[in-house]
Amino acid sequence: LIFLSTAEVKVDGKTVYTYGQEIAERGGFVGSGNHIVNLPEDAGGKEIEVTFTAYSSGAMSNIPTPDILPTEYVYEEFFDENVVLICCCIFLFSFGVILTIMGLLARIQKSSFAPIVHIGVFSFLIGYWALCNTKIIQLFSVDMSLNTATEYMSLYFAMLPLLLLMIRLRSRAEEWKKRMLLILCLVLAVFAVVTTVLHWSGRLFYPETITLFHILSILEALGMLAASVQLGRQKVLSERILNFALLEILVAGVMDILRFNLQKYVFPDADGMDLSILPFGVLIFILLLIISYVVGLYASVIDETEKETLVRLAYKDTLTDLYNRSMSEKLFRECDEEKRDYALINLDLNGLKKVNDTFGHASGDQLIKDFAEILKESFGEIGTIARMGGDEFVVVVKDPDKSEIDRAIDRMVRLEEDRSWEKDYEISSSYGIAVRQDIPEGSAEQLYKLADERMYEMKVRSKKQRVD
């Protein structure tokens, strides 16, 4: 494994392998990677000369010892030594791709799935960086210059989706915390874009800015932790998991930065120091992020369900399961605001007091419920039914069709007669209908009063007919 250097291999003075000389001569980026050199079959017993030329400061902190082994064992040895790390890298990359696609599709349906996209992009970028960092990418691309450049680029941009995720999750935090996260995100975005432009224009290559990136990364992690301090004191499980995840990735990141610099400047020959622990830290971090998101989403669904239940109860009549007076008033306001045609049918249940006095209030309640069922069957498909209180009901029909209303009234009268045969009491009602054209400039409340007057007139007529 050679970092940012050209390589030349000679056997008895004859060059059998070269890399990077032409790139270096034109001022290009040499890159890093594993150099696999096929020696001639007659190389046994001959002198092998390996020359490395560093083209970046700190590139050659140590001189690696070449391994000479049969060709068929090259990749086998590499996989045997790095099998766990390889699996981790491939999982992060593949999981990131799948999660990003799923998140984008789900995001179309509901905005609450946006964090899935952020987590997916972060996993994808770190997974790709890890594939390049471990040189697994060379199984698919032998361009070391491109591999190394995209390795740095994916690392520099990886923090952005994480910060965007934090900004979204901390939307209810104090203003200074939201501003701090936004500033950190902008600073990192500018840094990533500027270094990318400088690298690809050949003015300043990525490795020259890695120390600054390390400093920025530590500041970003500390900033995310600072934005979580107060929320971390709350008894919210998802927040506690998220804060622990942030602490875990901060520790993993700092340890990997220390490992990198110690291996480069202090212990260049130490075994195992060249293996990054960051992929494992990111894997644990992403799993914790997903657990935190799922726990938070579950709590949010429960909370939303409870709120919907409370709202439904606030607008429901407990006896009949119809809407109540509060809902009718809300519907009246909607009618006034929408400026569309509507009709109000005011209904009054006949004989409720007589049933209460004769059979008791339990039978009176049953009469109300029987009538409510008749209204549902008659008007349920054309309007919204509400119980105003006691024996009074109203049906709100938007964009009314007179023939539909007439058929619904006929159905109601027929059902009243049919159900009365099954009961010890008679089910009948009086009603009044008013449409918007009756009071073009009037309010829904005024129209309701008109329908109420017409209902009362019908009640008086029906009483007179019964007396006659």
Side-chain angles (χ1 to χ4, degrees), residues 304 307-352 365 367-420 427-463 465:
E304 187 175 336
K307 288 180 179 178
E308 289 177 354
T309 301
L310 290 174
V311 170
R312 188 167 60 251
L313 290 174
Y315 287 125
K316 282 287 187 176
D317 176 65
T318 54
L319 179 63
T320 62
D321 200 38
L322 295 173
Y323 288 115
N324 58 18
R325 189 181 193 93
S326 297
M327 185 61 177
S328 69
E329 292 172 352
K330 182 174 180 291
L331 290 170
F332 287 177
R333 289 192 298 271
E334 290 178 2
C335 290
D336 289 336
E337 293 169 0
E338 292 173 355
K339 304 299 182 184
R340 58 195 284 195
D341 290 339
Y342 65 95
L344 298 181
I345 307 170
N346 197 336
L347 303 108
D348 189 88
L349 180 59
N350 296 329
L352 177 61
D365 290 344
L367 171 59
I368 293 173
K369 289 193 284 187
D370 291 338
F371 183 61
E373 287 301 318
I374 290 173
L375 292 180
K376 291 176 186 177
E377 294 179 38
S378 303
F379 297 97
E381 294 183 0
I382 67 170
T384 305
I385 312 162
R387 183 188 177 200
M388 301 296 284
D391 54 4
E392 296 181 14
F393 299 79
V394 67
V395 180
V396 180
V397 182
K398 295 183 178 181
D399 298 319
D401 182 288
K402 186 177 183 303
S403 60
E404 285 186 345
I405 293 177
D406 290 341
R407 284 195 296 271
I409 293 291
D410 292 340
R411 190 182 307 117
M412 179 189 72
V413 173
R414 187 172 61 256
L415 287 172
E416 287 176 344
E417 294 173 353
D418 293 342
R419 303 285 166 83
S420 294
I427 305 175
S428 65
S429 63
S430 302
Y431 58 87
I433 304 172
V435 296
R436 182 168 196 159
Q437 290 83 351
D438 293 334
I439 312 178
E441 302 300 324
S443 65
E445 190 65 36
Q446 291 174 314
L447 199 67
Y448 173 72
K449 291 179 180 178
L450 177 60
D452 189 62
E453 291 173 3
R454 292 173 176 173
M455 178 275 295
Y456 183 74
E457 291 173 359
M458 179 180 179
K459 184 178 282 288
V460 171
R461 287 196 304 271
S462 64
K463 283 184 178 180
Q465 288 173 358

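Just so you know, these numbers use all the heavy atoms, side chains as well, and skip hydrogens, waters and symmetry mates.
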Donor-acceptor contact below 3.5 Å, side chain [X] vs main chain [Y]:
X: D391; Y: I368; value: no
X: R387; Y: G390; value: yes
X: R436; Y: Y342; value: no
X: D336; Y: A444; value: yes
X: R340; Y: D399; value: no

Roughly how far apart are [X] [atom1] and [Y] [atom2], rounded to 0.5 Å?
X: M412; Y: I409; atom1: CE; atom2: CD1; value: 4.5 Å
X: Y323; Y: K316; atom1: OH; atom2: NZ; value: 5.0 Å
X: I439; Y: E445; atom1: CD1; atom2: CD; value: 11.0 Å
X: R419; Y: I374; atom1: CZ; atom2: CD1; value: 5.5 Å
X: C335; Y: L344; atom1: SG; atom2: CG; value: 6.5 Å
X: D348; Y: E392; atom1: CG; atom2: CD; value: 5.5 Å

Open item on the list: If you count heavy atoms of other groups shown closer than 6.0 angstrom to CD of Q437, is the number above 12?
Closed with: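 Yes, because the 6.0 Å sphere around CD of Q437 holds more than 12 heavy atoms from other groups.
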Task: Test side chain to side chain contact (heavy atoms under 4.5 Å, CB included) applied to Y431 and V395, step by step - done: CA-CA 10 Å; Y431 58 87; V395 180; over 6 Å; no
Open item on the list: Testing R461, M455, E457, R454 one by one against S430 for a side chain to side chain contact (heavy atoms under 4.5 Å, CB included), which residue passes?
Closed with: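 Checked R461, M455, E457, R454 against S430; only one passes side chain to side chain contact (heavy atoms under 4.5 Å, CB included): M455.
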Tell me whether [X] is salt-bridged to [Y], with the criterion being a basic N under 4.0 Å from an acidic carboxylate O.
X: K449; Y: E453; value: no
X: R325; Y: E329; value: yes
X: D365; Y: K369; value: no

TODO: Could you label the plane-to-plane angle of the F332 and Y448 rings as parallel, tilted or perpendicular, counting under 30° as parallel and over 60° as perpendicular?
DONE: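 Correct class here is tilted.
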Task: Residues which pass salt bridge (charged side-chain N to carboxylate O under 4.0 Å, His left out) with D410, listed by chain and number, not counting sequence neighbours - done: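 Listed in chain order: nothing, the list is empty.
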Task: Any residue meeting salt bridge (charged side-chain N to carboxylate O under 4.0 Å, His left out) with R333, in chain and number order, not counting sequence neighbours - done: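 Salt bridge (charged side-chain N to carboxylate O under 4.0 Å, His left out) list for R333, sorted by chain: empty.
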Task: Close side-chain approach of L450 and Q446, heavy atoms under 4.5 Å - done: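 Heavy-atom side-chain distance check fails, nothing below 4.5 Å.
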TODO: Indicate yes or no: at least one non-hydrogen side-chain atom of L322 is less than 4.5 angstrom from one of F393.
DONE: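 In contact.
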Which pair of heavy atoms, one from [X] and one from [Y], lies closest together, and at what distance?
X: N324; Y: A314; value: ND2-O, 2.8 Å
X: K376; Y: D321; value: NZ-CB, 4.0 Å
X: I385; Y: G380; value: CD1-N, 4.1 Å

